[in-house]
Structures are given as C-alpha cells and as structure tokens.
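Note on naming: letters A, B, ... go to the chains in the order of the sequence lines (proteins, then strands), and numbering restarts at 1 for each one. Model, not experiment: these values are computed from the prediction.
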Protein chains: 2
Amino acid sequence: MKGRDVTIAEVARHAGVAVSTVSYVLSGKRAISAETRRRVLDSVRALGYHPNAGARALASKRANVIALVLPLRAGMHVPVLMQFATSVVTAARSFDHDVLLLTADEGTDGIRRAAASALVDGLILMDIEEHDERVPVLRELSEPTVLIGFPADSAGLTCVDLDFEAAGKLCVAHLAGRGHREIALLGAPAVVYERGTGFARRTRSGFADAIEARGLSGVALPCEEGFDDVRVTVKQLLADHPQVTGLVVHNEAAVGHVLATLRELDRQLEVVAICPDDIADRARLASVLIPAEEVGREAVRLLMEKLEGRQVPASTLLQPRLTYRRA
Amino acid sequence: MKGRDVTIAEVARHAGVAVSTVSYVLSGKRAISAETRRRVLDSVRALGYHPNAGARALASKRANVIALVLPLRAGMHVPVLMQFATSVVTAARSFDHDVLLLTADEGTDGIRRAAASALVDGLILMDIEEHDERVPVLRELSEPTVLIGFPADSAGLTCVDLDFEAAGKLCVAHLAGRGHREIALLGAPAVVYERGTGFARRTRSGFADAIEARGLSGVALPCEEGFDDVRVTVKQLLADHPQVTGLVVHNEAAVGHVLATLRELDRQLEVVAICPDDIADRARLASVLIPAEEVGREAVRLLMEKLEGRQVPASTLLQPRLTYRRA
DNA sequence: ATGGGCCGTCGAAGCGCTTCGACAAGAGGA
DNA sequence: TCCTCTTGTCGAAGCGCTTCGACGGCCCAT
C-alpha cells in the first residue's frame with residue numbers, strides 16, 4: 001500500500017543530478033566522483049528506489065532473468081531435482097539474475113516463447129535425453145544455453161554433468177580394491193534406459209568397461225523403485241548369480257529397499273551407491289554422491305560467461321568422489 | 001541464430017496497418033474488422049512475431065509474470081512441493097502468465113525486490129508458518145498475494161489450503177464408523193509442530209475435536225521420517241496404548257515404514273493416511289489425499305482474480321475426500 | 001436531407017531506463 | 001601560455017509496446 005513506485009527521475013531530482021548520472025552510479029559503467037556517488041546512493045535509500053525491471057530490460061536488452069527448464073517425468077528422483085533447482089536459483093541470484101520456471105510439458109514452445117520475447121537472457125535445461133526434441137530448438141536460438149546432462153549429439157552445445165562413466169568405473173575400482181571378483185549393478189528403472197537418458201547409460205557403460213578392463217565378471221540390471229519390485233529383482237539377481245559379492249546401486253529410491261532385502265535374505269554383500277549424500281549417509285553406505293549443488297552452480301557460472309560473450313568449454317564433467325563409510 | 005527480433009512496427013508495415021491496430025488485434029481491446037484482423041495475424045505468423053516482454057511490461061504496467069515463493073526446509077515432503085510447483089506453473093500458463101521462482105532463503109528481500117521492481121504482478125507463497133516473517137511484508141506490498149497455508153493472523157490476506165481440520169475429523173469419523181474406539185494419530189516430525197506450521201497442527205486439532213465429540217479415546221504423536229525412528233515410535237505407541245486399533249498417519253515419508261513395522265509386529269491396525277494419492281495407492285491404504293494440483297490451480301485462479309481487481313474470499317478451504325481402498 | 005452514434009483505424013504520447021555524444025573544468029605536456 | 005587529455009556530468013535519443021483521443025465513414029432516426 002506504499003505510494004506509487006519511485007522512478008529514477010525522482011532519485012535524480014532528490015540528489016540534484018541528471019538521470020543519467022544516477023544510472024551510471026548504479027551500473028558503474030562510467031566514473032563518478034565519490035561525492036556524487038554518495039549523494040545518489042543516499043537518495044536511493046531515502047526514497048526506497050528499485051529500478052523498474054521492464055524498463056531496464058527494454059533499454060538494455062538484458063532482462064537479468066534466466067529460464068530453468070525442469071522436467072517432471074517418471075523415474076526422476078524429485079528431491080535431487082529440487083536440489084538442482086535451488087542451487088540454480090541461489091547461484092543465479094549471486095549474479096544478480098532471477099529464475100523463470102518453465103516446465104517441460106509446455107514442450108519446445110515455452111522455450112521458444114521465453115527466448116523470442118526476450119523474457120529471459122539465457123536458459124538452463126535439465127534432464128536431457130540422448131535424443132532430446134528440445135536440442136534442435138536450442139541450436140536455432142540466439143540466446144545462450146547450458147544443458148545439465150548430455151544429448152547424443154552435443155556439438156555446438158554447452159553441457160555440464162557428473163562424469164557418470166567415471167563414477168561407474170570408480171565404484172568397480174572400489175569394490176575390486178576390496179577383493180570382490182563378481183560385481184552387479186542395479187540401475188535406474190527400465191523406462192529410464194529406454195528413453196535413452198544419458199546418465200543411466202553412461203554409468204552402465206563405465207561399469208561394464210571397468211569390469212572388462214579388470215577381468216572381473218559383472219552383471220547390470222535395471223531396477224524399479226517400489227519395495228516389492230526391488231525385492232524381486234534382488235532375489236532374482238542373487239539366484240542367477242550366486243557368486244556376486246559386490247553391488248553397485250545407481251537408483252536413489254531403491255537403495256533403502258535393496259538393503260532391507262539383503263538383510264531379510266541375510267546376505268552380506270558389499271554395497272556402494274551412486275546417490276545423494278543424505279541417502280547414503282542415512283544408510284551408512286559407501287557412495288559416489290550426485291553433486292547437485294555443484295552442478296547447478298557450474299551451469300549458472302557457464303551461462304553467465306556465455307552471456308558476457310566469452311567462450312566456454314563445450315563439456316564440463318565433474319569428477320566423482322567416493323566416500324567410504326564403515327557401517 | 002535467426003535474424004534480429006521482429007518488432008510490432010515491422011508487423012504493422014507488413015500488414016499495411018498502424019502499429020496500434022496490430023496491438024489492438026493482439027489484445028482484443030478494441031473492435032477490429034475481420035479482414036484487418038486476418039491480415040495482421042497472417043503477418044504475425046509470416047514474420048514469426050513475438051511481443052517483447054520488457055516493452056510490454058513497461059507500457060502496460062503488467063509483467064504477466066507471477067512469483068512463486070518456495071520454501072526448502074526440513075520436514076517438507078519434497079515431491080508434494082513439486083506437485084504444487086508444477087500445478088502453479090501450468091495454471092499460470094493457462095492465464096498467459098509465467099512463473100518466477102523465488103526461494104525462501106533469500107528471505108523477505110527477494111519478495112520486496114521482485115515486487116518493487118515490477119518484475120512480477122503478484123505472488124504465491126507456499127508453506128506458510130503460523131508466525132511467518134513474510135506475512136507483514138506482504139501487507140505492505142501493493143502487489144496482490146495468495147498464500148498456500150494459513151498464518152496465525154490471516155486478516156487481510158487471501159489463503160488457500162486443504163481443510164486439514166476437516167481432514168483430521170474425517171479420518172476419525174471413518175475409523176469410528178468401522179468400529180474403532182481407540183485411535184492414534186501419527187503426525188509430522190516434532191520440528192514441524194514446533195515451527196508452528198499450520199497444517200500439522202490443524203490436523204491434530206481436528207483429530208482431537210472429533211475424538212472428543214464422539215467420546216472415543218485418542219492419542220496424537222509426532223513422528224520422524226527415518227525407518228528406525230518410525231519403528232521406535234510405533235512400538236512405543238503400541239506398548240503405551242495396547243488398545244489402539246485405528247491409526248491415522250499424517251506423514252508422507254513415514255507411511256511405508258509404519259506399515260512395515262506393523263507387519264513386522266504382526267499387528268493388524270486399521271490405517272488411514274493423509275498423503276498424496278500415489279503413496280496411498282501403492283500401499284493400498286484408505287487415505288485423504290493432499291490435492292496439490294487443485295490447491296495450486298485455485299491459488300493461481302484467486303491471484304488472477306485479484307489482478308483483475310476483483311474481490312475474492314479471504315479463505316478458501318478445499319474439502320477433504322476420503323478414498324477407501326480394500327487391501 | 002441532417003444530425004447523432006457507432007465502428008474501425010490512425011497518430012502520437014508516453015512508460016522508465018540505458019547509453020551515446022557533447023561539453024565544461026581541471027591536469028599535464030610542450 | 002596554449003593546447004591536448006582526462007574526468008565527471010548532462011541532455012537527448014531511443015528501446016518496443018500500450019493506450020488515449022481524434023477522425024472519417026456509415027447507418028439510422030428524425
């Protein structure tokens with residue numbers, strides 16, 4: 001219910017300077033004497049001035065807003081998604097940008113619209129599939145983009161992600177180092193592989209490579225998320241491969257159920273998980289964590305670089321780290 | 001990489017009309033002949049015109065963007081939060097608005113900033129506490145606001161939520177109707193009550209009222225979310241109150257663990273949950289669902305009404321519905 | 001015929017900001 | 001001393017859109 005919004009003209013009048021001077025004080029794009037700067041900033045505070053976002057965007061051709069395109073589909077672990085989202089928002093704020101939320105179910109139209117209307121200066125997309133329909137659209141856009149995840153053809157794009165292949169290898173190395181010769185991988189639900197989501201496949205291929213390179217024997221299975229499904233899968237696995245003593249779980253939702261089933265069967269496999277830290281911590285499990293916080297921050301940083309017109313590496317792979325916890 | 005953005009002036013030239021005519025065709029705010037309208041729309045399509053959001057906001061004093069202020073704190077069930085968020089985005093899009101994501105950890109500043117800079121036309125806040133620091137800020141804002149949840153003093157505000165008191169009563173009524181005389185409520189983690197989050201308390205008080213009104217005996221306990229904690233809580237409950245035969249669970253994360261514990265103890269209580277449908281469905285449980293979709297949609301609808309300057313009810317309580325599932 | 005309305009369209013005035021070029025005034029070099 | 005640079009500030013021109021008032025036709029009631 002405060003009075004009408006304060007404009008830059010009122011600040012200028014109050015401080016006894018020209019409008020442009022106020023603008024330069026605020027943007028720092030030209031030298032301003034200390035005395036004038038102080039007067040202007042005092043007036044800004046006194047009047048409670050906030051620049052009008054629309055006017056600023058119109059004049060400067062920069063909205064100071066980026067779009068975050070979130071998926072909402074089966075097989076995504078929602079809390080991790082949320083971690084990404086908050087880290088993106090926080091990072092964006094640290095660059096004085098806001099975040100517009102676009103959901104994937106508006107399809108490519110939302111992306112086109114937000115970009116073409118200059119609503120946003122750039123976009124971050126999450127949960128990229130190998131053959132993602134959004135990717136061709138991005139190529140046509142003049143707005144810079146950063147992807148979290150990798151499509152099959154990433155030429156000309158900027159992508160960030162955990163190095164899941166390295167993560168798969170790291171898990172095998174860990175278990176091999178502790179003496180296991182036959183290792184299984186329990187992965188994402190089958191639908192996630194079918195959709196061609198990169199991270200699931202990449203882990204699996206890293207796993208397979210490492211198994212082969214070390215001359216171990218291994219088996220990789222998809223795994224659903226419900227308790228009963230997990231139970232069946234684990235039992236089947238142990239029946240088919242009784243020699244398995246090491247287990248890699250790459251499925252946040254299933255971790256707890258897998259452990260419960262092993263307890264129930266009284267089988268003492270050594271388990272390492274690829275999952276958020278809190279889940280692994282709760283289960284006292286060795287794990288490679290998904291560095292959602294770091295990925296989000298890095299994505300924003302890259303986008304800001306691109307907004308400044310600077311070159312950035314096409315692909316950024318964050319190296320996995322394994323945390324060992326004794327039970 | 002397409003050419004520079006198309007402006008309304010180019011559309012006007014292409015269609016052979018005045019700029020204002022194009023604007024009126026697009027906004028529908030003045031009558032335009034069918035013939036002219038067709039020509040203009042053809043040009044719009046031919047040139048791929050998208051109005052510049054900043055210019056539009058500046059001229060019309062409407063950004064066509066609303067803010068969604070999300071919390072991210074302990075004790076909130078994240079998937080439900082996500083459901084709210086997507087339903088808000090979807091609903092907003094249906095009113096031709098976009099959604100700016102603000103996180104609560106920017107505190108009240110983010111709210112002030114977004115409103116004062118005219119970045120957004122209105123705000124929706126989630127996860128309101130009884131004594132929420134953001135509420136006084138909202139009262140000073142000239143932008144309309146809708147809260148999802150109720151603060152202790154909701155005077156002058158517009159709030160939407162599931163009627164949790166009614167939900168608590170409904171659960172008791174259901175169990176009483178099926179012959180139970182001693183009923184327990186397992187609620188949110190203790191911290192949620194301490195924080196004064198309304199929905200948890202309101203369910204508890206509805207529960208207590210219904211118990212008393214029917215002359216039953218009842219007990220209400222907070223409940224943590226980890227498997228082991230739940231196990232302890234349930235065991236304690238059954239030890240202290242061996243006559244309990246009906247159980248209301250108002251804690252999404254705990255539902256599964258409660259059932260597992262009961263199975264383990266071989267106790268056949270009748271359980272009804274207040275939780276999202278998918279969880280109840282998976283567990284084949286009678287439940288009152290949290291209508292996240294509906295709440296989000298309603299919040300947006302109310303906000304749009306307020307944006308139009310219309311009066312709206314101060315409080316909107318969505319009536320709970322109980323779904324009975326036989327196991 | 002004649003005037004009053006309505007309909008469809010146009011032109012122009014902003015909206016609040018950024019940024020470019022201009023220009024005093026003082027600093028420094030010759 | 002004169003001229004050239006800086007440094008700090010100002011004024012004005014937009015940015016692309018909405019909206020207000022004006023106006024020429026046309027129809028209908030007089």
Carboxylate-amine/guanidinium contact [X] [Y], below 4.0 Å:
X	Y	answer
B:Glu308	B:Arg62	yes
A:Glu298	A:Arg301	yes
B:Asp42	B:Arg45	yes
A:Glu10	A:Arg13	no

- request: Please report, rounded to the nearest Å, how far the C1' atom of D:dC17 is from the CG atom of B:Asn64.
  value: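 After rounding, the gap between these two atoms is 13 Å.
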- prompt: Tell me: CG of A:Leu119 to P of D:dG16, nearest whole Å?
  reply: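 The answer, rounded to whole Å, is 16 Å.
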- request: For A:Ser60, answer base if it contacts any base atom (sugar-phosphate contacts may also be present), sugar-phosphate if it contacts only those atoms, and nothing otherwise; contact means non-hydrogen atoms under 4.0 Å.
  value: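 Here A:Ser60 touches the backbone only, sparing every base.
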message: Counting the atoms with a prime plus P, OP1 and OP2 as sugar-phosphate, which does A:Val19 contact under 4.0 Å by heavy atoms, base, sugar-phosphate, or nothing?
response: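 The answer is base, as A:Val19 lies within the cut-off (heavy atoms under 4.0 Å) of a base atom.
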message: OP1 or OP2 of D:dT19 versus the side-chain N and O atoms of B:Lys61: is any pair under 4.0 Å?
response: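 So the side-chain polar atoms of B:Lys61 never come under 4.0 Å of the phosphate oxygens OP1 or OP2 of D:dT19.
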- prompt: Between A:Thr21 and D:dC10, is there a side-chain N or O to OP1/OP2 distance below 4.0 Å?
  reply: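 For A:Thr21, the contact criterion (side-chain N or O under 4.0 Å from OP1 or OP2 of D:dC10) is met.
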- request: State which of D:dG16, C:dT18, C:dG11 makes the closest approach to the side chain of A:Ala59.
  value: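 For the A:Ala59 side chain, the nearest candidate turns out to be C:dT18.
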Name every donor-acceptor pair, under 3.5 Å, that has one atom in a side chain of residues 147-162 of chain B and the other anywhere in the protein, sequence neighbours excluded.
| unit_1 | atom_1 | unit_2 | atom_2 | d |
| --- | --- | --- | --- | --- |
| B:Asp153 | OD1 | B:Ala155 | N | 3.0 |
| B:Thr158 | OG1 | B:Lys306 | NZ | 2.7 |
| B:Asp161 | OD2 | B:Arg202 | NH2 | 3.4 |

message: I'd like to know whether A:Leu119 forms a side chain to side chain contact (heavy atoms under 4.5 Å, CB included) with B:Val65, so could you lay out the CA-CA distance, the side-chain angles of the two residues, the decisive distance to 0.1 Å, and finally the verdict.
response: CA-CA 10 Å; A:Leu119 236 187; B:Val65 176; 4.2 Å; yes
message: Is the shortest side-chain heavy-atom distance between A:Arg113 and B:Asp98 below 4.5 Å?
response: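 With C-beta onward as the side chain, the pair touches.
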task: Let me know which of B:Thr145, B:Ile128, B:Leu123 forms a side chain to side chain contact (heavy atoms under 4.5 Å, CB included) with B:Arg134.
output: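 Only one of B:Thr145, B:Ile128, B:Leu123 forms a side chain to side chain contact (heavy atoms under 4.5 Å, CB included) with B:Arg134, namely B:Ile128.
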query: Going by number, which of residues 22-46 of chain B have a non-hydrogen atom under 4.0 Å from DNA chain C?
result: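 Of all residues in residues 22-46 of chain B, the ones placing a heavy atom under 4.0 Å from DNA chain C are B:Tyr24, B:Arg30, B:Ala31, B:Ile32, B:Ser33, B:Thr36.
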message: Tell me which residues in residues 47-58 of chain A lie within less than 4.0 Å of DNA chain D, going by non-hydrogen atoms.
response: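 Of all residues in residues 47-58 of chain A, the ones placing a heavy atom under 4.0 Å from DNA chain D are A:Leu58.
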